[in-house]
Amino acid sequence: MAKDKLLLIDGNSIAFRSFFALHNSLSKFVNKNGLHTNAIFGFNKMLDSILEQYQPTAALVAFDAGKTTFRNGKFDNYKGGRSKTPPELSEQMPYLRELLTGYGIKSYELPNYEADDIIGTLAKEAEAQDYAVVVVTGDRDLTQLSSEKTIVAVTKKGVSEVEEYTPAYVEEKLGVTPKQIIDIKGLAGDTSDNYPGVTKVGEKTAIKLLKQFDSLENLYEHLDELKPSKMKEHLIEDRDNAFISKDLATIRRDAPIEISLDDVQYAGINEEYLREFYHQMNFKSFLSKLDQTATQDGVEAVKKEVVFNVLNKDNVEQLQSLKGEIDFYLEMLDKNYHLSDFTGFVIGNADNIWVSDDVELLNNSKIKAILEDPKIKINVFDSKRTYVGLHRLGIKLTAVNFDILLQSYLLDTNDNSNDLGQLAHEHDYDAIDTDDDVYGKGAKRAVPEQTELFNHLARKLAAINFLGKQLDQELVKNEQNNLYWDIELPLAIVLAKMEISGIKVDRNRLNQMQSEFTERLSEIETNIYNEAGEEFNLNSPKQLGVVLFEKLKLPIIKKTKTGYSTAVDVLEKLQGESPIIDNILNYRTLSKIKSTYVDGLLKVIHTTDEKVHTTYVQTLTQTGRLSSIDPNLQNIPVRIEEGRKIRQAFVPAREGWHILSSDYSQIELRVLAHITGDQNLQEAFKNGEDIHATTAVKIFGLKDASEVTPNIRRQAKAVNFGIVYGISDYGLSQNIGISRKDAKKFIETYFKEFPGVKKYIDESVQLAKEQGYVETIAHRRRYLPDINSSSFNLRSFAERTAMNTPIQGSAADIIKIAMIDMENELEKRNLKSRMLLQVHDELIFEVPDEEMTLMKELVPKVMDSAVKLDVPLKVGAAWGNTWYDAK
DNA sequence: AAATTCACG
DNA sequence: ACGTACGTGAATTTA
C-alpha cells in the first residue's frame with residue numbers, strides 16, 4: 001500500500017455541482033451581507049465526506065484560470081454558446097478559496113490551462129513518486145485519468161456521494177479503457193464543450209468503432225477496411241474535426257505548473273480561521289461540528305462555565321452592589337406574556353449574576369427599588385415583554401437602556417429572532433443555547449431541572465450584557481441610534497401600556513351574533529347540499545373543488561399547487577353559471593366572520609376584566625409596521641357591513657365613556673409625494689385636492705375634476721395603489737380587469753404626469769442594488785439580498801420591495817412618533833383617556849365624556865404634527881358608543 | 001407543517 | 001419569455 005495519498009479536486013466542477021444541487025433552496029443560503037452560500041455549503045459537505053473517506057496526506061484544489069485557454073487557440077468555438085455562470089455562483093468563488101484556506105488545502109490555477117490539466121499533470125507526477133491518487137470531480141471526462149494508482153471519484157446527485165472509477169470500472173461502465181475516452185470524444189464530440197467530432201457519430205457508434213480499431217489513429221490508418229457507407233463518408237469528411245476534438249478532450253499531463261507535491265502536503269484544518277469563516281457564512285451546523293470535534297479532541301471546551309449565585313430572601317442584600325447599569329431577564333415560557341406562568345428571573349452585571357425561580361422575590365423591596373430606580377439603567381431582551389410581566393407582579397420597570405431584541409431588529413429585519421439564544425448566535429455570540437434546546441419544542445416544552453434552568457438564565461444575562469453595547473455601536477454606525485432611542489424604545493413602553501389597558505368586549509353581543517350566524521349558516525349549508533346533490537365538507541377547498549369542477553362540470557378558471565382554486569376571484573367569475581356559487585360565497589363570508597371573529601374573540605376574552613389584551617409584535621415586519629396577535633385586532637372586519645358589526649362588540653371599559661377613532665388620510669401617498677419630491681403630487685396635496693380624482697384627470701387627460709366619473713376614479717385609485725406597491729402592468733391589469741396593454745399605458749402616462757415619482761422609483765432600485773438596502777425617513781433599514789438575483793421572480797420582487805418599503809415604512813415611522821407624542825400628552829395633561837389600539841394608520845382611544853371635546857381636537861393635532869413633511873398630513877376623527885359607531 | 005382562504009391597512 | 005401587485009394573522013383542512 002502506498003503510504004502517500006494525494007487528493008486532487010476539480011474546483012470549478014464541484015462548485016458548479018454544489019450550486020445546482022442546492023439551487024432550490026438558493027434563497028435560504030444567504031448570509032447577512034446578502035452573499036449566496038449554497039455552493040460553498042455544498043463544497044464544504046463534499047470536502048468533509050471526501051477527507052473522511054480517503055484520509056489524504058496531500059491535497060490540492062485546481063481551478064480554471066479564466067475564460068480562454070490554449071484550447072481556444074486550437075478551436076475558436078471551444079465551450080462556445082455556454083450560458084454564463086450565474087452571478088449567484090460567481091460571487092461565491094472567492095469565498096471558496098477562503099474555505100480552502102480554513103481547511104489548510106492549497107488551491108491553484110494556471111493561466112491558459114483548465115483545472116483538468118493541472119490535475120492531470122500533478123497526478124502523473126504523484127504516480128511517479130508512488131502516491132495513490134484520488135481525483136474528485138463532477139465531470140466524467142476526467143475518468144480518462146484513472147489508472148492502477150489513480151481513482152477518479154465522480155460526484156453523484158447529492159455531491160457528497162461519489163462513484164469511484166478505476167480502470168476496471170471504466171471498462172465495465174463504458175466498455176472502453178480510460179485511455180480510449182478521448183477517442184470517444186474525438187469521434188462523438190462534446191455538446192457541452194461545443195466541439196463537433198464526426199457527423200452522425202455518437203457515443204454508441206464511437207464505442208463500437210473503438211472496440212474494432214482500438215484508437216482514433218488506428219481507425220484512420222485502416223479506414224479502407226470499412227465497407228462503404230454513409231458513416232465512412234462522414235469519417236473521411238470530418239477527419240480534421242475528429243483529431244481536433246480528440247486533442248481538445250485530451251487532458252494535458254505536462255502543464256507548466258509551478259507547484260510541486262511538496263507544496264501540497266496536507267496538515268489539517270486551521271480551526272480558528274474556519275470558525276471565523278463559518279460565522280461569516282452563517283453555517284451553524286458546521287460551527288457546531290467544529291465545537292464537537294474540538295471537545296472530543298480535548299483541545300478546548302465548547303463553552304466556558306458560567307458563574308452565578310442563587311438568590312434568596314436571605315442574600316438579597318448582595319444586590320446593593322448593583323448600580324449604574326445592570327442586566328435583567330424575566331422568564332415566561334408561554335408566548336402570551338399577559339397570561340404566562342413565571343419561570344424565573346436573573347439579575348446582575350458583567351461581574352455578578354443572581355438567578356432565582358421564585359418571582360415573588362422580585363417584590364422584595366430591595367429588588368423592586370432597583371428595577372424602579374430611574375437612575376439605574378437596565379439592559380433587557382424584549383422590553384415590552386419585560387414591562388408587562390413586571391407590571392403583572394406589581395413592579396414598574398422604569399429605565400430601560402439596551403433592548404437587544406429591538407436593537408437587533410433595527411439592524412437587520414431579516415436576521416431576527418424572538419429567541420434570545422438564536423439571536424445571540426446570529427450575532428456570533430455562542431455561549432448560550434436556544435429556548436427550544438433547553439425547554440423543548442411544542443408539546444414537549446417544559447421547565448428543566450433547576451441547575452439547567454439556572455445555567456440557561458445566567459447565560460441569557462451574560463448574553464444581554466455582552467450584546468447590548470455591541471449592537472448599540474452598530475446602530476450608531478448605521479445612523480440608527482435616534483431610531484432606537486427616540487422611537488422604538490419609547491414606543492415599546494407605550495405599546496405595553498396599550499396592551500395592558502386592553503379593550504372591553506361585549507360578550508353578550510358576540511353571543512347573540514353567534515346564534516344568528518349559526519342559524520343562517522345551517523340554512524345556506526342545506527341549500528348548497530341540495531344544489532350539489534350530496535353532503536360534503538364545505539370548509540374543504542379540495543372537496544368543494546371536486547363538487548364544482550368534476551360533479552357540476554363548471555369551467556376551471558385557475559389551479560393551485562394542489563388542485564382547483566376556489567378562491568373568491570374564481571368563484572366570482574363563476575357567478576351566473578350556477579346558483580350554488582352565490583350560496584358558497586355567502587357561506588364563506590359568514591363562516592369566516594363567525595369562526596375567526598365571533599368564536600375567535602370569545603375565546604380570548606379575559607374572564608377577569610372582560611377585555612381582550614392583544615400583543616403587538618414590534619420586531620417582526622420587514623417594513624417597520626406593527627403586527628397584532630392573540631387576538632389580531634388589526635384585521636377586524638370593516639369593508640362588509642355584516643362583518644363590520646363585530647365592531648359593535650368593542651366598547652369602552654366604563655359607563656359614560658366613548659370610543660374615539662382617528663386616522664391619517666392617504667398617508668402613504670402623502671409620504672410618496674414627500675420622498676419623491678414630485679411637484680405635481682405635492683401641489684395636489686397642498687391644494688387639498690381629491691388625490692384619486694387628480695390622478696384620474698392626469699392619466700385620462702380630462703379637463704378637470706368635474707369629468708371624473710366614479711368608475712374612472714376607481715381606476716385611478718388602483719393606479720395610485722399600484723404605484724405604492726411597486727407597480728407592474730400585469731398586477732394593475734388583474735386588479736381593475738383591463739388588458740395588460742392598457743395597464744401599461746396608464747402607468748406610462750402616470751410617470752409622464754408625475755416625473756418625480758418615476759425618478760424616485762428608478763433611483764431607489766438603483767440605490768438598493770448598490771448598497772443592498774433601502775431606508776425610511778427615520779433610517780429604518782431593509783436589506784434586499786435578492787435585488788441582484790439572476791432569477792427574474794426574486795429580483796422583481798426585491799425591486800418592488802425597494803419601491804414600497806420606504807413608503808410603507810415611513811408611514812409606520814410617522815404613526816409611531818405620533819403614538820409616543822400622544823402618550824406623552826395624555827400623561828402631561830393628566831388625562832384619563834387611554835390609547836387602546838393602532839391599526840397602521842389609525843389610533844383608537846377610550847375617552848371619558850368630559851374629555852371628548854378636548855380629545856377630538858388634540859388627537860388629530862398631535863397626529864398631523866408628528867413629523868414635518870413637504871406636504872400636509874391630514875387626519876380625520878370620529879367617535880361613538882362602540883368602535884362600530886366611531887365612523 | 002404546509003397549503004388555502006380571507007380578514008385588515 | 002419570464003409571471004408578479006406591498007405588508008400582516010387566524011382558521012381550516014390535508015398530508
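All chains are named by letter (A, B, ...) in the order of the sequence lines, taking the proteins before the strands, and each is independently numbered beginning at 1.
Ring geometry, H613(A) versus H338(A): the interplanar angle falls from 30° to 60°, so the pair is classed tilted. Classified by interplanar angle (parallel below 30°, tilted 30° to 60°, perpendicular above 60°), the ring pair F721(A)/H692(A) is parallel.
For R713(A) (side chain) and A696(A) (main-chain N/O), no donor-acceptor pair under 3.5 Å exists by modelled atom type.
For T621(A), the side-chain atoms get nearest to dT8(C) when compared with the rest of dT8(C), dA10(C), dG9(B). Here the nucleotide nearest the side chain of I629(A), chosen from dG3(C), dG9(C), dG9(B), is dG9(C). Considering only the side chain of F797(A), dC6(C) comes nearest among dT5(B), dT14(C), dC6(C). The nucleotide whose nearest atom lies closest to any side-chain atom of S627(A) is, among dC6(C), dT8(C), dC8(B), dT8(C). Taking only side-chain atoms of R639(A), from C-beta outward, the nucleotide of dA10(C), dG9(B), dG3(C) with the closest atom is dG9(B). Side-chain proximity of D630(A) to the nucleotides dT14(C), dT4(C), dA10(C) is greatest for dA10(C). Closest to the side chain of Y725(A), out of dT5(B), dA5(C), dG7(C), is dA5(C). For P637(A), whose side chain is taken as the heavy atoms from C-beta onward, the closest listed nucleotide among dA7(B), dG3(C), dA5(C) is dA7(B). If you check dA15(C), dG9(C), dT4(B) against the side chain of K542(A), the one that comes closest is dA15(C). Closest approach to the T562(A) side chain among dC8(B), dC6(B), dA3(B) is made by dA3(B) (side chain taken as heavy atoms from C-beta onward).
Within the structure, a side-chain polar atom (N or O) of S540(A) is placed less than 4.0 Å from OP1 or OP2 of dT14(C). Checking the phosphate oxygens (OP1, OP2) of dT8(C), no side-chain nitrogen or oxygen of N632(A) falls inside 4.0 Å. Between Q808(A) and dT8(C), a side-chain N or O to OP1/OP2 separation shorter than 4.0 Å is absent. Residue T560(A) has a polar side-chain atom (N or O) positioned under 4.0 Å from OP1 or OP2 of dT4(B). The phosphate of dA11(C) (OP1 or OP2) has no side-chain N or O of S591(A) nearer than 4.0 angstrom. Note on R625(A): every side-chain N or O is 4.0 Å or more away from OP1 and OP2 of dG7(C).
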Step-by-step side-chain hydrogen bond (donor to acceptor under 3.5 Å, both in side chains) determination, N416(A) to T413(A): CA-CA 6 Å; N416(A) 199 253; T413(A) 50; over 6 Å; no
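Between the side chain of R588(A) and the base of dT5(B) there is no donor-acceptor pair of N/O atoms closer than 3.5 Å.
dT4(C) sits 13 Å from dT4(B) when the P atoms are compared, rounded to a whole Å.
Counting only N and O atoms by type, the side chains of D506(A) and Q648(A) include no donor and acceptor under 3.5 Å apart.
The residue among T596(A) and G726(A) whose nearest nucleotide of DNA chain C lies closer to the 5′ end is G726(A).
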